[in-house]
Q: 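Shown below is the structure under consideration.
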Number of protein chains: 2
Amino acid sequence: MPRRTELLGIAAELFAEKGFTNTTVRDIADAAGILSGSLYHHFDSKESMVEEILTSFQARLFEAYDEVLASDDDPRTKLERVVRLSFEAIDQHRAEVAIYQNDSSYLGGFERFGFLAERNAQMRTMWTDLVREGVAAGVLRQDLDVELVYRFIRDTVWVAVRWYRPGGDLTHTDVADQYLSILLEGISRA
Amino acid sequence: MPRRTELLGIAAELFAEKGFTNTTVRDIADAAGILSGSLYHHFDSKESMVEEILTSFQARLFEAYDEVLASDDDPRTKLERVVRLSFEAIDQHRAEVAIYQNDSSYLGGFERFGFLAERNAQMRTMWTDLVREGVAAGVLRQDLDVELVYRFIRDTVWVAVRWYRPGGDLTHTDVADQYLSILLEGISRA
DNA sequence: TAGGCAAGCAAGCAGTTGCTTGGTAGCGTA
DNA sequence: TACGCTACCAAGCAACTGCTTGCTTGCCTA
C-alpha cells in the first residue's frame, strides 16, 4: 500500500474518533510515527486530507447506489437494497461515514467542500424518488409526507455509525433486517 | 434577565451553530458586545458555560419525562407522550439539544462531564422499559430487539434537531404525528 | 455622600495550531 | 558513480487559543 494511502487511513481514523478540528496534524503524524512537517510532503493541507477521504468514499458509495437504481427491481426491493447498502457502508467504511456525519456541517461552510451539499442533494433525490415510486406502485402508504419519511430514514440509517461496532454481536445485516422490519411494518402488534 | 443568563444564551447559540471547540471565548464575547476577558467575571471557564447549559436543560427535560412515567397512562400512551415531549424539547430548546447531540461525545471524555453518561444511561433505561412494557402489555410486537428499537427511536428523534426549524411549515406536533405514525404502523400499505 | 458591587476594559502571557523552509538519508537506475 | 526520487527530519514562525491581572466605570443604597 502506498504511503499516501496509509496516511489517509490513519488520518481518517483520528478524524472519525475525535472530529476534524480536534485532530491536529501532530496527532496524525504521531500515529504514523513521523514528524508533523513530514505530512506536508504528501499533502497540501489538513483540509486536502479530509477532502480526499470524503470524495473517494462518496464516489464508491454512489456507484453502488446507482447500480441498484439502474436495476429493474420493484420500488420496494430497491428501497430495501439501498437501506442494506447503507448499513453495509457503515460496516465497511466506519471512519468515512463518521466523518461525514460529524464534520460535514462544519466543512460544508468552505467553498472547496461544496461537493458535500451536492451529494446531499443527490442523496435526497434518490430517497424521495424511491419513496414516491413506492407510493405510486401502491406498496407504500398514500398519506406519507415524503420529505419527512426521507429525513427519518436518512437520519436513522447514518446515525447508526455512532453505536454500530463491526465485529460485534450484531452484523450489519442483522441491523438492516430489524430496521427494515420496523420501518415497513411498524412496531405495533398486528 | 440577569446578565449571566443572557450570556449563557448567547454562548449556547454559538456552541450549537459551530460546535463547542470551534467556538472561541472571543466569539462569545464579540456576540455579547464585550471583551473576551470580561466573560471571566461571570464564568470560571468555557467548559463551565457548557456544563451549566447542559445540566440545567437536562434537569428540566427529565423532570418532564418523570411526570409522564409517573402517570397511570398505558404503555403505548406513555411512549407517545415521551416522543412528543422530545420533539417539543427540540422546538423549544434547539441550541441545548444541538450541543448535546454534537458535542457530548467529546465532552464526555472529561471527568466533570460524567453526568452526560449518567443521563444517557437514564435515558436508555427509560426507553427500553417503555418498549418492554409495551411488549408485555401486548400492544407492541413480541419479536422486537428492544435495544435496537431504543437506538432507532433515540437517534431519529434527537437527530431531527439538525433539520427541524422552529417557526417553519412543520410544527413539532406535525413532526411527532408523522414519526409516531411511521414508527407504530410502518410505511407499508396495509 | 460614601461605600460596595456588578460589569467591563486594556494588555498580555503561555501554550497550541497549521504550515514553511532548507536540508538529508536511502534506494533504484542509467 | 552520478543522478533523481521518495520519504523524512529539525527548527521555527505567525496566528490563534483559553485565561489572568490590575484597573475603571456607573449604579444602588445606607
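Just so we're on the same page: letters track the sequence lines, and every chain starts at 1.
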Q: For each nucleotide in nucleotides 16-22 of chain D, reading 5' to 3', give B when a protein heavy atom comes within less than 4.0 Å of its base, S when such contact involves only the sugar-phosphate, and - otherwise.
A: -BBBB--
Q: If you draw the axis of the six-membered ring of B/Tyr150, does the NZ or CZ of B/Arg154 fall within 45° of it and under 6.0 Å from the ring centre?
A: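 Flagged: B/Arg154 positioned over aromatic ring of B/Tyr150.
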Q: Would you kindly give the CG-to-P distance between A/Leu39 and D/dC8, to the nearest whole Å?
A: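 Nearest whole value for this atom pair: 9 Å.
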Q: What orientation do A/Phe113 and A/Phe115 show, parallel under 30°, tilted 30 to 60°, or perpendicular over 60°?
A: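 Tilted: the ring planes of A/Phe113 and A/Phe115 meet at 30° to 60°.
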Q: State, without any angle test, whether A/Gln178 and B/Arg151 hold a side-chain donor-acceptor pair at a distance under 3.5 Å.
A: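 There is no such pair between these side chains.
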Q: For A/Tyr179 and A/Asp174, which I'm curious about, is there any donor-acceptor pair between the side chains at under 3.5 Å?
A: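 The criterion, which ignores hydrogens and geometry beyond distance, is not satisfied for A/Asp174 and A/Tyr179.
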Q: Calculate the interatomic distance between A/Leu35 atom CG and D/dA10 atom C1'; express it in whole Å.
A: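 It works out to 8 Å between those atoms.
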Q: Please work out which residues in residues 5-17 of chain A have a non-hydrogen atom less than 4.0 Å from an atom of DNA chain C and list them by number.
A: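 Heavy-atom contacts with DNA chain C come from no residue of residues 5-17 of chain A; none.
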Q: Testing the 3.5 Å rule here: is there a donor-acceptor pair between the side chains of A/Ser86 and A/Tyr65?
A: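 Present: a donor and an acceptor within the cut-off.
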Q: I want to check a possible cation-pi pair here: B/Arg119 against B/Phe62, using under 6.0 Å from ring centre and within 45° of the ring axis as the test.
A: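 Positive - B/Arg119 is close enough to the ring of B/Phe62 and near enough to its axis.
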Q: Starting from the C-alpha separation in whole Å, work towards a yes-or-no answer on side chain to side chain contact (heavy atoms under 4.5 Å, CB included) for B/Tyr100 and B/Val161.
A: CA-CA 10 Å; B/Tyr100 174 66; B/Val161 75; over 6 Å; no
Q: Does NZ or CZ of A/Lys46 lie under 6.0 Å from the centre of the six-membered ring of A/Phe20, at an angle within 45° of the ring axis?
A: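 Judged by the rule, A/Lys46 and A/Phe20 form a cation-pi pair.
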Q: Please walk me through it: do A/Trp163 and A/Val175 pass side chain to side chain contact (heavy atoms under 4.5 Å, CB included)?
A: CA-CA 11 Å; A/Trp163 52 262; A/Val175 177; 3.9 Å; yes
Q: Is there a donor-acceptor pair closer than 3.5 Å between any side-chain N or O of B/Ser36 and the backbone N or O of B/Val25?
A: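 Pair absent, no side-chain N/O of B/Ser36 close to backbone of B/Val25.
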Q: So, OP1 or OP2 of D/dC8: does either fall under 4.0 Å of a side-chain N or O from A/Arg3?
A: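 The answer is yes; a side-chain N or O of A/Arg3 sits under 4.0 Å from OP1 or OP2.
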Q: With heavy atoms of chain A within less than 4.0 Å as the criterion, where does contact along DNA chain C begin and end?
A: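 That gives a stretch of C/dT17 to C/dT20.
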